[in-house]
Structures are given as C-alpha cells and as structure tokens.
A.B. asks: 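To start, I am sharing the structure in question, which I have written as structure tokens.
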Protein chains: 2
Amino acid sequence: MHKVYVTMKMRRRQGNPFNFNDYPDTSMDTPLSPNMEDYMENISMLLKEHDVVRVKDIAKKLNIRMPSVTAALQKLKEKGLVDYEKYGHVQLTTKGKEVADSIYEKHSFLTEFFKEILSMNTQEAEEQACKLEHHLSSNASNRMQRFVEFYKQEQLDGQQWINRLDSVLEEKRLSELKEGQKAEIIRILGSGPLKKRLLEMGFRKGEIIHVLKYAPLKDPIEISIKDFLLSIRVEEAHSIIVKPLGSHD
Amino acid sequence: MHKVYVTMKMRRRQGNPFNFNDYPDTSMDTPLSPNMEDYMENISMLLKEHDVVRVKDIAKKLNIRMPSVTAALQKLKEKGLVDYEKYGHVQLTTKGKEVADSIYEKHSFLTEFFKEILSMNTQEAEEQACKLEHHLSSNASNRMQRFVEFYKQEQLDGQQWINRLDSVLEEKRLSELKEGQKAEIIRILGSGPLKKRLLEMGFRKGEIIHVLKYAPLKDPIEISIKDFLLSIRVEEAHSIIVKPLGSHD
DNA sequence: TAATAAAATTAGTCAAGTCTAATTTATTTC
DNA sequence: GAAATAAATTAGACTTGACTAATTTTATTA
Ligand SMILES: [Mn+2]
Ligand SMILES: [Mn+2]
Ligand SMILES: [Mn+2]
Ligand SMILES: [Mn+2]
C-alpha cells in the first residue's frame, strides 16, 4: 500500500503500514525498503564470490552509480547491517548476514516456484523472484516455501498431476503464436455462433495448425490447417487454445 | 530492481528497462507505479459500489489524506486514465477501466492463490495479493492464473494431491505452537545425536503432544506427551514438525 | 617518489508520493 | 439567501533514492 514516512515524526497508521517484510528477531528496527533489501542481498552475493567488496562492485551489480551506493551504505551502517568506513571495504555484520540470508531464502524458493512449477525460464524466474521477495509476509513466505518443497516431493514421487499442470501451462491462445509456429488445437473457448463458426472453418480439437503470417496488431492471421489456407481475425484467434509443437521458450 | 526515472531527461541505461516492444512508437506511456495502480484499482472498486466517487472516499479507502488524492488524480488525468475536473466527481476513462480491470484480475487470482491453494485467511490473502499484483510480469501473470484455474479443476476432480498439500500446509514446528495447543508429531528433522535424543525423550511420529507452557523467547517449552511432562529447548522444538489438532488459523 | 589513474565521496538536484496548514469552493441548514 | 459546515485544493515541506559534477582519497605506474 502507500508509502509511509519512517521519521522522527512518524505518522499514525493502523497495522503494519510498510510494504516491507518483518524479519526474524530484529523487530525493533524499522523494516528495510525493497531497495535496501536488494543492497543487502547483493552485497551478500558479492561477498560469496570475492572476499573484498567495493562500492564500484555494488554499483555495477545493481546498475546504479557509485554515489547512490555510498549513500545507501551510510544508511545501512547506521542500521547496524554493514561494517563500512569511508574509502574502505564493505562487510556484513552478523545481523546483516541474517537479513541477507532471509531475503535470499525468499529469492530462492520464489525462483524455484516460477522456474520449476510455472515452467518459466531462468532469467524471468529470477527477475520475478527478486521483485516479489520484498513483499511476502512471513506467513505467506512459509506457506510458499512449503508448497515448493511439496511440489518437489510430488515430482520425485512421479505424481501425475505434475504432468497435467505442465501440459496446461504450455497452452497458449492462437493469437499468441508467432509466425511460422505449429500448434495443436486443445479447445475452443466461448459458445454460441462464434464457436460454431470456428468449428465450421475447421478449427477442431486435435487438429494441427501452422501460422503462416502474423503481424502483431495487424489483422488477420493467416494459417493453414491440413492443406487449407485460412484467415482468422485476432479476436477470434483469441478464443482458440492451442499447444505449441516443438520449440522451447 | 532499482527505480529508473522516466522523465524529460531519461537517464541512459543499457537495455530497455521496461518490457516494451520497441515497435514504431505506439506512444506507449510509462507504466504506472504500484501506488498509482492502487489508485486505479480502488477508484474502480468505489465506482462499483456508488456511482459517484469523491476525493474523500478515495482518501478514506487508501488511508491517506485528501491532498495526496488530489495530486494523484491530476497525474492520472494527465495520463488519460480518469475523467476529473476540480471540485468534481471522479470517473474512469475507457482506458482507465481497462487498466483497473487488469490490475483487479491479478488481485483476484493472487487472492485465490493465497486463500484456496495456500490456505491463508481471507484478509492476509487479500493483503498479499494487493502487494504482489504490481510486480508480476504478464507472463508470470498468465501462468499464475492458469495454475489457479488448474488447481480449481483438480479440486473439482477430487484429486488426492490437494489433500496432501492441505496436510503439509497445516504442519508447523513445535516451536510455533501456542500455549495450550495440542498437536500430532509428523516427523523430526535433522539427524544424528539431536534426533536420537529427541526420540529417546519420547518424541515419535504419531504421538500427541500438549503444550503446557510456552513464553516466546523464554526457554524452555513445557509439554506433555501421554502422561509424561517434558521440557524442551526452543531450538530443539524447532526441528519437530507437528500438525496442530483442532483450531483454525 | 612524483605523476597519473581509478575509486569514492560530497554537494547539489530531482521526481514521486506523502504530509500539514491555509484557503477556496460547494453543500447544508436555519 | 446568508451563515455554518464540509469537501477540495493550493502552498509549502519532507523523505527516499536516484542522478551529475566537482572534489578528495587511494592505488598504480613510470
Ligand atoms: Mn530483490
Ligand atoms: Mn533477490
Ligand atoms: Mn495493490
Ligand atoms: Mn489490489
């Protein structure tokens, strides 16, 4: 929800007014903002790779300029999360490590969620995780983490629903296909005259279609089914659910 | 990740920070911030309840003061999302309705995710949804939504994994129980001497325990198993997974 | 070791989004 | 219809977290 000042003159707001997470223990301190959390997380990552972390490294990792890092480090030092002296190297305090680890834990299971369960590619899974990690309550975190563990166990156990899910996630709307792609028709949404018309045109469950020409925003889409050439409007293509053949991400 | 300015003097940053297609300038305006998205979402909600929405209503709903709302409305008008004249009532434009609906759609399936799948209570599910909704990419959105739909179908089909998941989500660590609660021991984490010791104390899968005394942060926890009274340190209790009996939330 | 280069900091700016206090406009009440 | 009240806006301030430009400190090199 909306940002709230955390200053001398704290405004009254019911509940936990912050967008931010509550951490184990350190409940007395004001919570970190998403940006500050990312500083912590990334400093921790850099420390795992090199035993000396410089302002420049952090700036590069977060794709920001050095003065922004300097300012952030001063704040984090103030909060007792980093050891840092001007012109010196950066280290995490014990408390800082705990914070960083707790963020990274969320990053990890969220990444697994998007990657393993929702079958997203690594990069997008990581990006989503790194955005969401700052907004999960500790209860939601726990449950999410359990769910990911549960999924992995079910996968090991060879449970069939995993395959059913994968199958559903592969489905797209015909209108989402790119030029040249082939796909199998899974089902046709809606009902009434539109559906009837599509069926009459030859769009039936199980048929294989081939997208010949599709310029985004430019109706119509030209496709072939078997040996027939067909034109279909984007809006109509929107209600045809297909499963792309071959190709991965 | 870190904020990027989108102003007259756009900073140079490698890559395209937004998920926009670099098409011939579709005059794609800058994306809304989470806060602005919440304005849109809440204005839309208010419009569903009353046909006139006033600055005061929005301020109340978002728990902020009126001048903040006035400022926001001016920006949203600028972006062509709301119809609004000074001292007048607020309406959404066609474009504004689309934006609001798209946010609300995310809000909805995320709420379902937390509520139905992760078994969280309504309020916390809503809160989490309303935070995360602003940070989901459209791909992640689609997949998430499909997953929720999939889950609901599996539930209708009476698939057993749903029950297994519910069961796992009910589990807690012994250290999370409150005074007076009873629970069944599900399993004991870890291995080696600690686990052995716990087993010897009588902590075995299937046993019912009763928490007699537990002051948070104050070791030890006093519990009973069958007719035995036991004291256990919080750290040890942490590795005992139990399922609370009775009680909800 | 002195000169140069690189890294880091300081100083000052800016936009977003909030706030309070003062003022203006609209609505209700007598 | 004037006075009182409620709603809304304006003006001005503040925090966060970016930025650039200028300066200072540290490291490298000849
Ligand atoms: Mn992050
Ligand atoms: Mn992260
Ligand atoms: Mn929201
Ligand atoms: Mn919402």
Side-chain angles (χ1 to χ4, degrees), chain A residues 1-14 17-20 30-43 46 50 52-79 82 84-90 134, chain B residues 1-14 17 29-40 42-43 46 50 52-79 81-82 84-90 134:
Chain A
M1 186 46 61
H2 291 68
K3 209 185 295 179
V4 163
Y5 296 116
V6 187
T7 65
M8 296 306 101
K9 33 180 157 178
M10 174 70 175
R11 312 304 200 283
R12 69 277 163 285
R13 273 284 184 28
Q14 58 265 49
F18 309 105
N19 264 336
F20 319 142
T30 61
L32 291 182
S33 68
N35 282 355
M36 288 297 136
E37 288 193 345
D38 274 338
Y39 277 107
M40 294 304 296
E41 192 187 16
N42 283 281
I43 291 169
L46 286 169
H50 322 90
V52 158
V53 168
R54 300 201 291 312
V55 170
K56 193 195 166 198
D57 303 325
I58 302 171
K60 190 176 181 189
K61 192 121 206 281
L62 291 175
N63 195 24
I64 57 180
R65 307 288 157 252
M66 290 201 293
S68 311
V69 175
T70 300
L73 287 175
Q74 281 160 3
K75 273 175 213 149
L76 293 172
K77 182 188 177 182
E78 194 65 30
K79 287 175 179 283
V82 303
Y84 160 73
E85 296 302 333
K86 264 168 203 170
Y87 297 102
H89 293 156
V90 181
H134 314 290
Chain B
M1 188 41 61
H2 289 68
K3 210 185 296 178
V4 165
Y5 294 119
V6 186
T7 64
M8 294 308 101
K9 34 180 156 178
M10 174 70 173
R11 312 304 198 286
R12 71 275 163 290
R13 272 286 184 30
Q14 57 267 43
D29 359 51
T30 62
L32 290 182
S33 68
N35 282 356
M36 288 297 136
E37 287 193 348
D38 274 338
Y39 277 108
M40 293 304 296
N42 283 280
I43 291 168
L46 287 168
H50 321 90
V52 158
V53 168
R54 302 202 288 312
V55 169
K56 194 194 164 199
D57 303 324
I58 301 171
K60 190 175 182 189
K61 194 122 204 282
L62 291 174
N63 195 23
I64 57 180
R65 308 289 157 253
M66 290 203 292
S68 311
V69 175
T70 301
L73 287 175
Q74 280 159 3
K75 273 174 213 151
L76 292 171
K77 184 188 177 182
E78 194 65 29
K79 288 176 179 283
L81 298 174
V82 303
Y84 160 74
E85 295 302 331
K86 263 166 204 172
Y87 296 103
H89 293 156
V90 182
H134 313 291

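FYI, side chains are in, hydrogens and waters are out, and symmetry mates aren't considered; it's all heavy atoms of this structure. Just so it is clear: chains get the letters A, B, ... in the order the sequence lines come, proteins before strands, and each one is counted from 1. These numbers were taken from a predicted model, which means no experiment stands behind them.
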A.B. asks: Give a yes or no answer on whether the side chain of B:D38 reaches the backbone of B:N35 with a donor-acceptor pair at less than 3.5 Å.
C.D. replies: no

A.B. asks: Is there a side-chain polar atom (N or O) of A:R65 under 4.0 Å from OP1 or OP2 of D:dA18?
C.D. replies: no

A.B. asks: Answer with yes or no whether the side chains of B:K79 and B:T30 bring together a donor and an acceptor at under 3.5 Å.
C.D. replies: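 Looking only at side-chain atoms, B:K79 and B:T30 do form a donor-acceptor pair, the distance falling under 3.5 Å.
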
A.B. asks: Between D:dG17 atom P and A:M40 atom CE, what is the distance in whole Å?
C.D. replies: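 Whole-Å distance recorded here is 14 Å.
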
A.B. asks: Indicate every side-chain donor-acceptor pair of residues 71-78 of chain B with a distance under 3.5 Å to a residue at least two apart or in another chain.
C.D. replies:
residue, atom, partner, partner atom, Å
B:K77, NZ, B:Y84, O, 3.2
B:K77, NZ, B:E85, OE1, 3.4
B:K77, NZ, B:E85, OE2, 3.3

A.B. asks: If you compare all heavy atoms of B:P34 against all heavy atoms of B:H134, which two are closest, and at what distance to 0.1 Å?
C.D. replies: O-CE1, 3.6 Å

A.B. asks: Applying the side chain to side chain contact (heavy atoms under 4.5 Å, CB included) test to A:I43, which of A:V69, A:L62, A:V90, A:D57 qualifies?
C.D. replies: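 Single side chain to side chain contact (heavy atoms under 4.5 Å, CB included) partner of A:I43 among A:V69, A:L62, A:V90, A:D57: A:V90.
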
A.B. asks: Can a side chain N or O of A:S68 be found less than 4.0 Å away from OP1 or OP2 on D:dC19?
C.D. replies: yes

A.B. asks: Taking CG from A:L76 and P from D:dT16, how many angstroms apart are they, rounded to a whole number?
C.D. replies: 12 Å

A.B. asks: Tell me the interatomic distance from A:L32, atom CG, to D:dT16, atom P, rounded to whole angstroms.
C.D. replies: 12 Å

A.B. asks: One character per nucleotide, please: for nucleotides 3-9 of chain C, 5' to 3', B when the base has a protein heavy atom closer than 4.0 Å, S when only the sugar-phosphate does, - otherwise.
C.D. replies: ----SBB

A.B. asks: Ignoring backbone atoms, establish whether A:N35 has a side-chain N or O less than 4.0 Å from OP1 or OP2 of D:dT16.
C.D. replies: no

A.B. asks: Nearest whole Å is fine: how far is D:dA18 C1' from A:D38 CG?
C.D. replies: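 Rounded to the whole Å, the gap is 14 Å.
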
A.B. asks: A:K60: which residues meet the side-chain contact (heavy atoms from CB on, under 4.5 Å) condition with it, sequence neighbours left out?
C.D. replies: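 In terms of side-chain contact (heavy atoms from CB on, under 4.5 Å), with neighbours along the sequence ignored, A:K60 is linked to no residue.
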
A.B. asks: Give the rounded distance in Å between these two atoms: CG of A:N42 and P of D:dG17.
C.D. replies: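 After rounding, the reported distance stands at 15 Å.
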
A.B. asks: Which whole-number value in Å describes the distance from B:N63 CG to C:dT18 P?
C.D. replies: 11 Å

